[in-house]
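Notes to accompany the following structure.
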Amino acid sequence: MDNASPLSRREALAQAQEALLAWFGAHMRPLPWRRDYDPYRVWISEIMLQQTQMERGVQYFERWMDAFPTLEALAGAPEEEVLKLWEGLGYYARARNLIKAARAVVQERGGAFPASFEELRALPGIGPYTAAAVASIAFQEDVPCIDANVERIIARLLDIDTPVKEKAAQEAIAEAARLLLPRGRAREHNQAMMELGALVCARRPDCPRCPLSPWCLARKRDTAEHRPVKKPGAGPVELVLASGVLLHGGRCFIQKREEDDVWGGLWEFPGGCAEKGERPEKAVVREYLEETGFAVKVLGKYGVLKSTYTNHRITLHFYALAFAGDKPGPAPEAPVLTAASESRWVPVKELAGFAMPSLYRKAADALSGGQWGMLGLLFPKA
DNA sequence: GAAGCGTGGGC
DNA sequence: TGCCCAAGCTT
């Protein structure tokens, strides 16, 4: 094949393209946004599926469309409501950017959905991949999509033995992706590539079932298992967090995180990292003072929760807190916030209505569900 | 280019 | 259990 003439090379390319499209026609999953390829639905699906497993993405997608069925509905929705729906999905900037983009389209374009790669790329939260995906899948624009699936497939087709994220490999992949795209078929082709990556050319490749295996160099050389080549990443960071619930007048204190921080726009109980050698009981008191000005004391410990995010491993020590009588600090209704944009005093039973990071959601649910026994039951009348 | 941003699933 | 993810974007 390496010495093939330009004519047979072109024929081989056409055969591979047809084989892929035929495979997609036979094996594509009936996903909800494939119903009519409505641009709004395609856009939402693409954002939701970023770094997210398909099954979870579909569940959130169905709920989302019930709540915000149109671009206009999303543009008019309160951010609180959108983040609450997104709760648990992670990467919350995706949800905040969806709102910003929807409002921009309504206000600056009169609601006319951006229909080209360039226009899409200009919206917040839409990068090269998503702009190509929406332009091709919703509007049949002839642009290739390059996501992790496509990178993996092409790294195997060409047997690329350098790290895929490096410039050289990226250029080879982009060039191959352009060549592979059959003009006028971008919607089917791009989805076919990603579907193939998800179902067949996965981390553990299933070469016997692959429609592209006749043209795959890694298959020929038996290196598919070792492609794509990844660069070693940083190891996990251990984090000890101390937090707790401060109750006063039958309500507990929560605060809303700043946008540019992790878990931006979500609600939490104040707290933070224990310093080196610092006991978590002391850390939670210090953090409350630093973040709210409140002087608090520890009534007891609910327990320890474990979690991870990105490359952090978290151990959260969670406490029951009350105001320390001798050092009042600011009045309960006037905290001095240094790590949050706003705060509320809410009844425990209403915590369910606030979007919280997964770790704090578990704590809140255990609190309101009485799963922390006597100490939890103490609270409503503390 | 590298790092930061979440979460739950699978092996 | 510990590690690697799963349809990336922003700074």
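Sequence lines set the chain letters: A, B, ... in the order given, protein chains first and strands last, and positions in each chain run from 1.
Ring orientation note: the planes of A:W263 and A:Y360 are nearly perpendicular, at an angle over 60° on the 30°/60° scale. Taking the six-membered ring where tryptophan is involved, the planes of A:F68 and A:W64 are perpendicular, since the angle between them exceeds 60° and thus also 30°. Below 30°, between 30° and 60°, or above 60°: for A:W33 and A:F61 the angle between ring planes is above 60°, a perpendicular geometry. Taking the six-membered ring for Trp and thresholds of 30 and 60 degrees, A:W43 and A:Y40 have ring planes more than 60 degrees apart, a perpendicular arrangement. Using cut-offs of 30° and 60° for the angle between ring planes, the A:F294 and A:F323 rings count as perpendicular. A:F139 and A:F113 have tilted rings, their planes meeting at an angle from 30° to 60° on a 0 to 90° scale.
Atom-to-atom, CE of A:M48 to P of B:dC5 comes out at 22 Å; the value is rounded to the nearest Å. Separating the CG atom of A:L89 from the C1' atom of B:dG9 is a distance of 14 Å, rounded to the nearest angstrom. Spacing between atom NZ of A:K306 and atom C1' of B:dG8 amounts to 18 Å, rounded to whole angstrom units. Computed from coordinates, the A:E55 CD to B:dG9 P distance equals 9 Å when rounded to whole Å. Note: CZ (A:R257) to C1' (B:dG6) measures 12 Å, nearest angstrom. Rounded to an integer number of Å, the gap from A:N311 CG to B:dT7 P is 14 Å. The NE2-C1' distance, from A:H312 to B:dG4, rounds to 7 Å in whole Å. Atom CD in A:Q170 sits about 14 Å away from atom C1' in B:dA2, given to the nearest Å.
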Checklist outcome for this item: Its contact letters, B for base, S for sugar-phosphate only and - for none at protein heavy atoms under 4.0 Å, make nucleotides 3-11 of chain C read S-SBBBSS-

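Mapping A:K165 and A:R94 onto DNA chain B via the closest heavy atom, the residue that lands nearer the 5' end is A:K165.
For the pair A:Y92 and B:dT7, the criterion of a side-chain N or O lying under 4.0 Å from OP1 or OP2 is met. Note on A:W86: every side-chain N or O is 4.0 Å or more away from OP1 and OP2 of B:dG6.
The residue A:K231 sits close only to the backbone: its heavy atoms come under 4.0 Å of sugar-phosphate atoms, none of a base.
Salt-bridge check for A:E166 with A:K231: passed, with a basic side-chain N closer than 4.0 Å to an acidic carboxylate O.
Of the P atoms belonging to B:dA3 and C:dA7, the separation is 23 Å, rounded to the nearest Å.
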